[in-house]
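Written out below as structure tokens is the structure these notes cover.
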Amino acid sequence: MSTHKLSYVRNDMIAPEPPPVSASSASGWIRTNLLATPKDVVLTIVAIASLAFALPGIINWLFINASWVGADRSVCATVVQGGTQPDGWKGACWAFVGDRFQQFMFGRYPIEERWRVMLVGFMLIVLLVPLLIPKLPYKALNAVLLFLVYPVVSFFLMHGNVLGLQRVETPLWGGMMVTLILSFVGIAVSFPVGILLALGRRSNMRVLKTLCVVFIEVIRGVPLVMVLFMANVMLPLFLPTGWSIDNFLRAVIGVSLFASAYMAEVIRGGLQAIPKGQGEGADSLGLSYWQKTRLIVLPQAIKLVIPGIVNTFIGLFKDTSLVAIIGMFDLLNIIRLNFTDTTWITPMTPLTGLVFAGLIYWIFCFGMSRYSAFMERHLDTGHKR
Amino acid sequence: MTDNSIRAPATKRASTSLIYDPKARSIFFQVLTLVILVALVWSIAHNVSVNLARSNTATGFGFLAGRSGFDIGQSLIAYTSDSTYGRAILVGFLNTMMVAVTGIITATIVGFIIGIGRLSKNWLIAKLCTVYVEVFRNIPPLLVIFFWYSGVLAILPQPRDAIQGPLSTFLSNRGLTFPATIWGEGAWILPVAILVGIVVAFVFRTWSVKRQMATGQQLPNGWISAAIIIGLPLLGFIAMGSPLTFDYPVEGRFNLSGGANIRPEFVALYLALSLYTAAFIAEIIRAGIKGVGKGQTEAAAALGVQPGKITRLVVVPQAFRIIIPPLTSQYLNLTKNSSLGVAIGFPELFSTGSTSLNQTGQAVEMITIMLTIYLSISIATSLFMNWFNAKMALVER
């Protein structure tokens, strides 16, 4: 364009400036994220001080001072308490967890028969993992195997009395195994029953609707402890004279009923969020009620409430610990049972056992919540408003 | 003609098969459900009466007036083992409410702090609060209760070596012992003065708002109200000659004597439920505050509202609308979870109720009573919430 040179226009480019300090360097990061305002400075100092106060003690207790191997209480008790540790010793008693680990997992299940429980656990992993990975095919077959075939097979495998397997009564079941069975059955039952209850609550049939509302609200209005207690005390009364119902089954029924009511409310939330046009569109295409529900409404509704469903599952998994109150030995209760065992009774045993139980519960629940977040992203088709 | 030929099969079909008539089907299914339900209830009632007759259990609520014969460790009202079952259940109910009310207050405060903390721009604070929430949300409440009860409180020293805190408080494995308050004559003035103070403060506030509307002049409403509510009782208290003395706990050879004591069962349950529920409340508060559109804050800032007032007058009222419903269900959860006290022997409703049941064997009556009480709490709360929600709902024009 212009051929003549303007003395006030530069010819060469200016070298790019370095990014602002606050965006690049470590000190910049600290300044914006830790020391932005005077209030932040104070908060950071308080936080660091309390961490410095608490963390060394916790790490010491958990790892450095902890006693890792041993066969009885002497490794976890101080000299005064009849052990070998120096006075004033405080540390985790992991030797206790190591010694009783098998019991924590299987309860009083006969030792030579435990391969059966392990086989059931192995089958669970084999069937569950492919179901959880979205890419893998044969989802329908997989689900049928896991939720219909697997429970029957594993019941006979664990209970025995068939194919020459020794009979193992349910009072002998315990530990992690009971926690997982209760959660699995609770999840497998509460999901379909919850869907039916939610559909019933939104149905036009007065009788059905009232029935579902009363069931859901009564169960949600009372604590789980109360539901379990009712299942324990009232179920035997409800049955004809001479019939009896297994204690374990009572707990399973109680947990399943409780979870179903909560699940129903979560799914109802999803159903309410689906625009009316979806159902009407299906109607106008001539789909029957069940076709409409199964193919149009439910897939959208359930996708919407995945976080709520998984939260119910997490709640269910945590709530299985309450069966301790009706005298069953799930993971938490069997650990607690050992607190009074003379072989391991020390001041440090309860805390160690509870921290261990907490870690196991935490891993399962945190895993579930992470998976639900992943699934939400995976199923997100961008239609969300 | 053609018209007829089309209509004819249609009418024929409708008259032949009722199965395809939605109305008929609906009535059929409902009648079927009712029949099954009635049959089920009848057979259950029959079985229950047969089973009860066989085990020679008395029926009716007469047992409530009988002597209970068991002791209760902690009670808000006078209770001995000579008291009636009815009173035992009342003690349990009051204990449940005590845990619920104290727990709800603490959980709300802690939850609010943690929830705000997670939103903080300070990386360290936000991360610490996240860790808190993720830890407590993913472990069972029963485990937290046992953690405090058998893990922490049980390894505190014996009463004779109790840890002494400020103001003559002692912490031992028998719980927290602190000076008991003894109210003298004229102490009635305190509650009266507080009530009067609240009324006066309310009247003052109404007047002050009206004045601001008329003249645009503002008064420090909060400070003046607080001064009235605290100041009036204080003045009354001094005027009556400070009718309050303390019964200090004294360290004996083996035990602490005197003072008031809160048992470790209560402390464990209260701490566990508060801290556990706080994690959930924190998430609710965070979601509520994040749910208020950014435009709201920016618009308020553009109008020149001060940052503190933006939070107080623009963000919080709108966040409340999102926060209140889930918050109530958390409060209800905490109240229901207080039934876990039975696991550590805290005498709440479920605990005293099931003890009564075991002693009398009157399962149907006892379960009816407990169900009714728990359901009443739930229904009362949800009715209140519906009213509150309707009051707070966004008025759209």
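Nothing here was measured: the structure is a model prediction, and the numbers come from that model. Each chain gets a letter, A, B and so on, in the order its sequence line appears, and its residues count up from 1.
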Using heavy-atom distances under 4.5 Å, tell me whether [X] contacts chain B through its side chain, its backbone, both, or neither.
{"X": "A:I48", "answer": "both"}
{"X": "A:L43", "answer": "both"}
{"X": "A:V218", "answer": "both"}
{"X": "A:R336", "answer": "side chain"}
{"X": "A:V225", "answer": "both"}

### Query
What residue in B:L340, B:N333, B:L332 has the most heavy-atom pairs under 4.5 Å with chain A?
B:L340
### Query
Out of B:T335, B:L143, B:V364, which one racks up the most heavy-atom pairs below 4.5 Å with chain A?
B:L143
Look at [options] and state which one has the largest set of heavy-atom pairs under 4.5 Å with chain B.
{"options": "A:E217, A:M348, A:R206", "value": "A:R206"}
{"options": "A:S321, A:S203, A:P350", "value": "A:S321"}
{"options": "A:W362, A:Y361, A:F317, A:F339", "value": "A:W362"}
{"options": "A:T37, A:D40, A:L208", "value": "A:D40"}

Are any side-chain N or O atoms of [X] and backbone N or O atoms of [Y], one a donor and one an acceptor, separated by less than 3.5 Å?
{"X": "A:K318", "Y": "B:L142", "answer": "no"}
{"X": "B:Q30", "Y": "A:V207", "answer": "yes"}
{"X": "B:W123", "Y": "A:I30", "answer": "no"}

Between [atom1] on residue [X] and [atom2] on residue [Y], distance to nearest 0.5 Å:
{"X": "A:L237", "Y": "B:N47", "atom1": "CG", "atom2": "CG", "answer": "9.5 Å"}
{"X": "A:L332", "Y": "B:F146", "atom1": "CG", "atom2": "CZ", "answer": "5.5 Å"}
{"X": "B:S354", "Y": "A:I326", "atom1": "OG", "atom2": "CD1", "answer": "12.5 Å"}
{"X": "B:K121", "Y": "A:K39", "atom1": "NZ", "atom2": "NZ", "answer": "9.0 Å"}
{"X": "B:I139", "Y": "A:I363", "atom1": "CD1", "atom2": "CD1", "answer": "12.5 Å"}
{"X": "B:L371", "Y": "A:F229", "atom1": "CG", "atom2": "CZ", "answer": "11.0 Å"}

#### Entry: Close contacts, residues 373-386 of chain B versus chain A, judged by heavy atoms under 4.5 Å
B:Y374, B:L375, B:S378
Identify which part of [X] has an atom lying under 4.5 Å from any heavy atom of chain A, answering side chain, backbone, both or neither.
{"X": "B:F350", "result": "side chain"}
{"X": "B:I125", "result": "side chain"}
{"X": "B:V342", "result": "side chain"}

### Message
Testing the basics here: between A:M230 and B:I367, what is the closest heavy-atom pair and its distance to 0.1 Å?
### Response
CG-CG2, 3.5 Å
### Task
Identify the heavy atoms of A:L354 and B:G151 that sit nearest to each other, and give their distance.
CD1-N, 4.3 Å
### Query
Heavy atoms, side chains only, cut-off 4.5 Å: are A:L34 and B:N122 in contact?
yes
Can you tell me if [atom1] on [X] sees more than 12 non-hydrogen neighbours from other groups inside 6.0 Å?
{"X": "A:R202", "atom1": "CZ", "result": "yes"}
{"X": "A:Y371", "atom1": "OH", "result": "yes"}
{"X": "A:F366", "atom1": "CZ", "result": "yes"}
{"X": "A:N204", "atom1": "CG", "result": "no"}

### Message
Assess the residue pair A:M234 and B:V48 against the criterion (side chain to side chain contact (heavy atoms under 4.5 Å, CB included)); give the C-alpha distance rounded to whole Å, side-chain angles, the decisive distance to 0.1 Å, and a yes or no.
### Response
CA-CA 9 Å; A:M234 300 293 268; B:V48 168; over 6 Å; no
